[in-house]
There are 2 protein chains.
Amino acid sequence: MTTLNEVARHAGVTSATVSNVLRNRGRVGEATRQRVLDAIAALGYRPHLPARALAEGRAPTIALMVSSIANPFYPEFALAVETALRRSGQFLIICNTDGDPQTGRAYLDQIAGSLSAGVLVMNANLDFADLHMTELRGAPVVLCMWERPLDPPGLPCVAVDFRLAGELAARHLLELGHRKIGAIVGSKVSGIHAARYDGFVAAMQAAGIDGAAAPVLYAPDTTQGGYAAALELLKKHPELTALYATNDLPALGAMQAAADLGLEVPRQLSVVGITDIQLARESRPALTTVAVPTVEAAELAVDLLRELIDAPASTATATGHGANAPRVCVTSAPRLVVRASTAPPRV
Amino acid sequence: MTTLNEVARHAGVTSATVSNVLRNRGRVGEATRQRVLDAIAALGYRPHLPARALAEGRAPTIALMVSSIANPFYPEFALAVETALRRSGQFLIICNTDGDPQTGRAYLDQIAGSLSAGVLVMNANLDFADLHMTELRGAPVVLCMWERPLDPPGLPCVAVDFRLAGELAARHLLELGHRKIGAIVGSKVSGIHAARYDGFVAAMQAAGIDGAAAPVLYAPDTTQGGYAAALELLKKHPELTALYATNDLPALGAMQAAADLGLEVPRQLSVVGITDIQLARESRPALTTVAVPTVEAAELAVDLLRELIDAPASTATATGHGANAPRVCVTSAPRLVVRASTAPPRV
DNA sequence: CTGAAAGCGCTAACAT
DNA sequence: ATGTTAGCGCTTTCAG
C-alpha cells in the first residue's frame with residue numbers, strides 16, 4: 001500500500017505538503033504541486049479513508065436505516081440517496097433493521113458517530129429514544145419521510161404532505177363520480193399512514209360524504225396485505241366501486257384481488273394508490289397513483305444531514321434538544337398521476 | 001466521545017487491558033475483566049471503528065457493486081448479503097455504478113483496500129482489469145452470479161448453473177406440448193445471458209426441434225425490454241404458443257405485452273422466466289419461472305470473500321493470479337417453479 | 001496477568 | 001511556501 005509518506009519522499013517533500021495538495025489547503029507552490037501530483041500518479045496512491053476519518057474525526061460514510069431494503073420503495077429512495085452522496089464523496093451504508101428496534105439499536109450503537117457521520121432514517125421502526133441517543137453521541141439524524149409537515153417529530157426531518165396526497169387520491173375518485181369508496185390503510189390505526197387516511201376522509205367530507213363512515217381496513221403495508229384487505233372489503237361491501245390504498249403496494253395487491261374476484265379494473269372497480277413506485281407504471285392496468293417526490297426528498301435529506309454534520313457540535317445538539325426546534329424541510333407537493341386503473345363507475 | 005483510555009482510567013487499568021477484554025485476546029484476570037466491563041457499561045463506551053480499522057489494517061465493511069440497486073433483483077440479493085454480513089459484524093456499502101465502468105472504477109479506487117476490506121460484484125458492468133487491480137491493492141473480489149460453473153472467469157466467484165435453468169424452463173414448455181416457442185434474451189448476443197439461451201437451445205434440440213432456429217430476440221434486461229421484444233416477436237410469429245425469457249423482468253414484460261395484444265396468459269400464450277424474484281409470485285397470472293438460490297448465493301459469496309480476506313496476503317494474491325486458479329463456489333441447482341403463466345397450448 | 005510504547009496513515013496547528 | 005510535530009483511538013508486540 002502506498003502511503004502519504006512514500007508519496008512525499010518520492011516527491012522530495014513532506015507528508016504535510018502532500019496532504020495540502022490533496023485537499024487544496026494551505027498554499028503550495030505550483031512546481032511542488034506538480035511534482036506531488038506526478039508522484040501520486042506514479043505510485044498509484046489512494047488515500048486511506050479510515051486514517052483520514054480518524055484524523056479528521058469524521059467518517060466519509062452515512063448510514064441509511066430501513067426495515068428491509070427489499071421493500072420495493074426503498075431501493076428507489078436508496079438509489080437517489082446514493083447518487084446525492086456520491087456527488088459529495090460520501091459513501092452509503094445500508095442498515096436493514098428487519099423492522100426490529102433491537103436490531104436498529106445495535107446498528108446505531110456500532111455505527112453512529114464513528115463509522116458513519118450521520119444517519120438517515122426511512123421508516124425502520126426505531127425507538128426515538130435510540131435516535132436521540134445517537135444524536136447525543138454526535139451523529140446527526142434525519143427522518144426521511146415524515147408524514148405531517150405541520151406536526152414535526154422533534155427530530156430533523158424531510159416532510160412530505162401525505163395528507164394532501166390522500167386528498168388528491170380521494171378527490172380524483174370523487175371527480176370520476178365514485179361515491180362508494182373503500183379505503184385500505186397500510187398500517188395500524190395510529191400508524192404512519194394516518195395522515196394519508198385523514199386526507200381521504202377530508203376529501204370525502206368536502207364532497208358531502210361521511211368519509212369516516214366509509215369502509216376501511218388496516219392491513220400490512222404490502223402487496224399481500226392489500227390483497228387480503230381488498231378481498232375482505234369487496235366481499236363485505238359489494239357495492240364499492242372504488243378502492244383507495246394509502247400506498248402503491250397494497251393498491252397493486254388490491255388490483256390482484258379484483259382480478260381474482262373476476263372484477264375488471266377499471267371498468268368494474270377503480271383503484272388508486274400513493275407514491276408512484278416503479279411498479280405502478282409497470283402493472284397492468286397501470287396504476288393511477290399520487291406521486292411523491294422521492295428523489296427530491298432524498299436530496300433534501302442528504303443536504304439537511306450534511307448541514308447538521310458540518311454544524312458546530314453545540315449547534316447540532318441544540319438543534320435536537322435546545323431552544324430552536326429541529327429543522328423540517330418540506331418537499332414540493334405530491335401530484336396525481338392518472339393511469340389506467342381508474343375510471344368512472346359503471347352505471 | 002468515550003475512548004478506550006477513559007475506560008481504562010475509569011477501571012484503573014491500561015488501555016491495552018481494555019482492548020484485551022474487548023477482543024478476548026491475551027489473558028485478563030476475572031476481577032479486572034469485570035471491572036473493565038463495568039467501566040464500559042458505565043461510560044457507554046463504543047469502539048471507534050475507523051481507529052480500529054487503521055490499527056488492524058482491515059476495515060469492517062465490504063462493498064457491493066451493482067449497476068443500480070433499483071433493479072428489482074438486487075435488493076433481494078443485497079438483503080441476503082447484509083444479513084450474512086451482519087452476523088459477522090461487518091457492514092455493507094452499496095455502490096451503484098449506473099452501469100458505467102468509469103463510475104465503477106472510481107468507486108473501486110476510493111473504497112477498495114481501505115474503506116472496505118473486500119468487494120462483492122453483482123453484474124455491474126465493470127472492467128475485469130479494474131477488478132484485478134483491486135485485488136492487487138489488497139481487496140479480494142468475488143463475482144456473485146457467474147453464469148457458467150464450468151467456465152471460470154479468472155476471479156473468485158459464486159456460480160449458478162444458468163444453463164440448466166434455461167434447460168429446465170424450456171423443458172417445462174416442451175413437456176406441456178409447446179413446439180412453437182420464442183425466446184427473449186435479456187442481453188446482447190455475447191452477454192451474460194448466453195448460458196441461459198444455450199440451455200434453452202439444448203433442451204429444444206433434445207426434443208427434436210431446431211432450437212437455434214426458434215425465433216429469438218435480444219433485448220435489455222428490463223420489463224420494458226421484454227415488453228417490446230414480446231410485441232415484436234408475437235407480431236412476426238403469430239404461431240408462437242409460448243415465450244421463454246432469460247429473466248423474470250422481461251418475462252413479466254412479455255406478459256404485459258400479451259395482455260395489451262389481447263392474448264390471454266396462459267390459455268393463448270405461455271410465459272416462463274428465470275430467477276423467481278418477488279414480483280414473479282405477485283404478478284397476475286403468477287409467473288412460472290426457474291428459481292435461482294439467491295440467498296444461498298449471497299451466503300456463499302460472503303463466506304468466500306471472508307475467506308479471501310482472512311487468507312494471508314500472499315495466498316490471496318496467488319489465488320487471483322498465481323498457479324492455483326481462483327475458487328469458484330457452485331450453488332445448488334436452480335429448480336422449476338410452476339405457477340399460473342404456463343399451460344398446454346390451445347388446440 | 002498487566003503495563004509501556006510504538007505505530008497504523010493522515011490532518012492540523014505551529015514553526016520556519 | 002514548506003517542514004515539524006503532535007495527536008486521532010486503537011492494537012499489538014514486548015517487558016515486567
Side-chain angles (χ1 to χ4, degrees), chain A residues 1-37 39-40 43-60 89 110-117 137-139 313, chain B residues 1-37 39-40 43-60 89 110-117 137-139 313:
Chain A
M1 226 205 75
T2 323
T3 73
L4 250 201
N5 254 308
E6 296 171 1
V7 173
R9 208 172 320 135
H10 191 100
V13 295
T14 191
S15 65
T17 303
V18 179
S19 177
N20 278 339
V21 353
L22 240 32
R23 23 198 40 247
N24 296 313
R25 289 279 257 265
R27 275 131 294 277
V28 182
E30 192 42 49
T32 3
R33 138 173 271 96
Q34 211 31 259
R35 218 148 15 93
V36 168
L37 257 19
I40 287 176
L43 270 42
Y45 167 79
R46 300 288 176 270
H48 192 282
L49 269 18
R52 182 178 279 182
L54 179 57
E56 282 184 325
R58 176 189 304 333
Q110 296 181 92
I111 280 199
S114 68
L115 222 210
S116 73
R137 301 226 340 265
Chain B
M1 226 204 75
T2 323
T3 73
L4 249 203
N5 253 308
E6 296 171 0
V7 174
R9 208 173 319 138
H10 190 99
V13 296
T14 190
S15 64
T17 303
V18 179
S19 177
N20 278 338
V21 354
L22 240 32
R23 20 198 41 244
N24 296 315
R25 285 281 254 273
R27 281 130 293 277
V28 183
E30 192 41 51
T32 358
R33 143 174 267 96
Q34 211 29 260
R35 218 147 17 93
V36 168
L37 257 19
I40 287 175
L43 270 43
Y45 167 80
R46 300 288 176 269
H48 191 281
L49 269 19
R52 182 177 278 182
L54 178 57
E56 282 184 324
R58 159 161 320 163
Q110 296 180 92
I111 281 200
S114 67
L115 223 210
S116 74
R137 301 228 337 266

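Order of the sequence lines fixes the chain letters, A, B, ..., with proteins taken first and strands second; residue numbering starts at 1 for each chain.
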query: How long is the gap from OG on S114(A) to CG on L54(A), to the nearest 0.5 Å?
result: 10.5 Å

field: Considering all heavy atoms, the nearest I111(B)-S116(B) contact
entry: CG2-OG, 2.7 Å

message: Quick check: closest heavy atoms across M1(A) and E6(A), and the distance to 0.1 Å?
response: O-OE1, 3.5 Å

Separation between CG of L115(A) and CG of L115(B), rounded to the nearest 0.5 Å: 8.0 Å

task: Please step through side-chain contact (heavy atoms from CB on, under 4.5 Å) for the pair R33(B) and N24(B), ending with a clear verdict.
output: CA-CA 10 Å; R33(B) 143 174 267 96; N24(B) 296 315; 3.1 Å; yes

Contact list (N/O, under 3.5 angstrom) for nucleotides 1-4 of chain D vs protein:
residue: dT2(D); atom: OP1; partner: T32(A); partner atom: OG1; Å: 2.6
residue: dT2(D); atom: OP2; partner: G29(A); partner atom: N; Å: 2.4
residue: dT2(D); atom: OP2; partner: T32(A); partner atom: OG1; Å: 2.7
residue: dG3(D); atom: OP2; partner: T14(A); partner atom: N; Å: 2.8
residue: dG3(D); atom: OP2; partner: T17(A); partner atom: OG1; Å: 3.1

query: Rounding to a whole Å, what distance do you find between L43(B):CG and dG9(D):P?
result: 14 Å

task: Kindly compute the distance separating CZ (R9(A)) from OG1 (T3(A)), expressed to the nearest 0.5 Å.
output: 7.0 Å

message: Output the rounded distance in Å from CD1 (I40(B)) to P (dG9(D)).
response: 16 Å

query: To the nearest 0.5 Å, what is the distance between CG (L37(A)) and OH (Y45(A))?
result: 12.5 Å

message: Keeping R58(B) on the side-chain end and A117(B) on the backbone end, is there a donor-acceptor pair under 3.5 Å?
response: no

Each nucleotide N or O in nucleotides 6-9 of chain C that has a protein N or O under 3.5 Å away: list the pair and distance.
residue: dC8(C); atom: O2; partner: A55(B); partner atom: N; Å: 3.3
residue: dG9(C); atom: N2; partner: A51(A); partner atom: O; Å: 3.4

- prompt: Does L4(B) reach the side chain of L22(B), with side-chain heavy atoms less than 4.5 Å apart?
  reply: yes

query: Taking all non-hydrogen atoms of both residues, which atom of A53(B) and which atom of P60(B) are closest, and how far apart?
result: CB-CD, 4.2 Å

task: Quickly work out the L49(B) CG to dC8(D) C1' distance and round it to whole Å.
output: 15 Å

- prompt: OP1, OP2 of dT12(D) versus side-chain N and O of R25(B): anything below 4.0 Å?
  reply: yes

- prompt: Which angle, to the nearest 10 degrees, lies between the helix axes at the two ends of the helix from dC1(C)-dG16(D) to dT16(C)-dA1(D), each defined by five pairs?
  reply: 40°

query: Is Q34(A) reaching over with its side chain to a backbone N or O of A31(A), donor-acceptor style, under 3.5 angstrom?
result: no

- request: May I have the distance from N5(B) (atom CG) to dC10(D) (atom P), rounded to whole angstrom?
  value: 8 Å

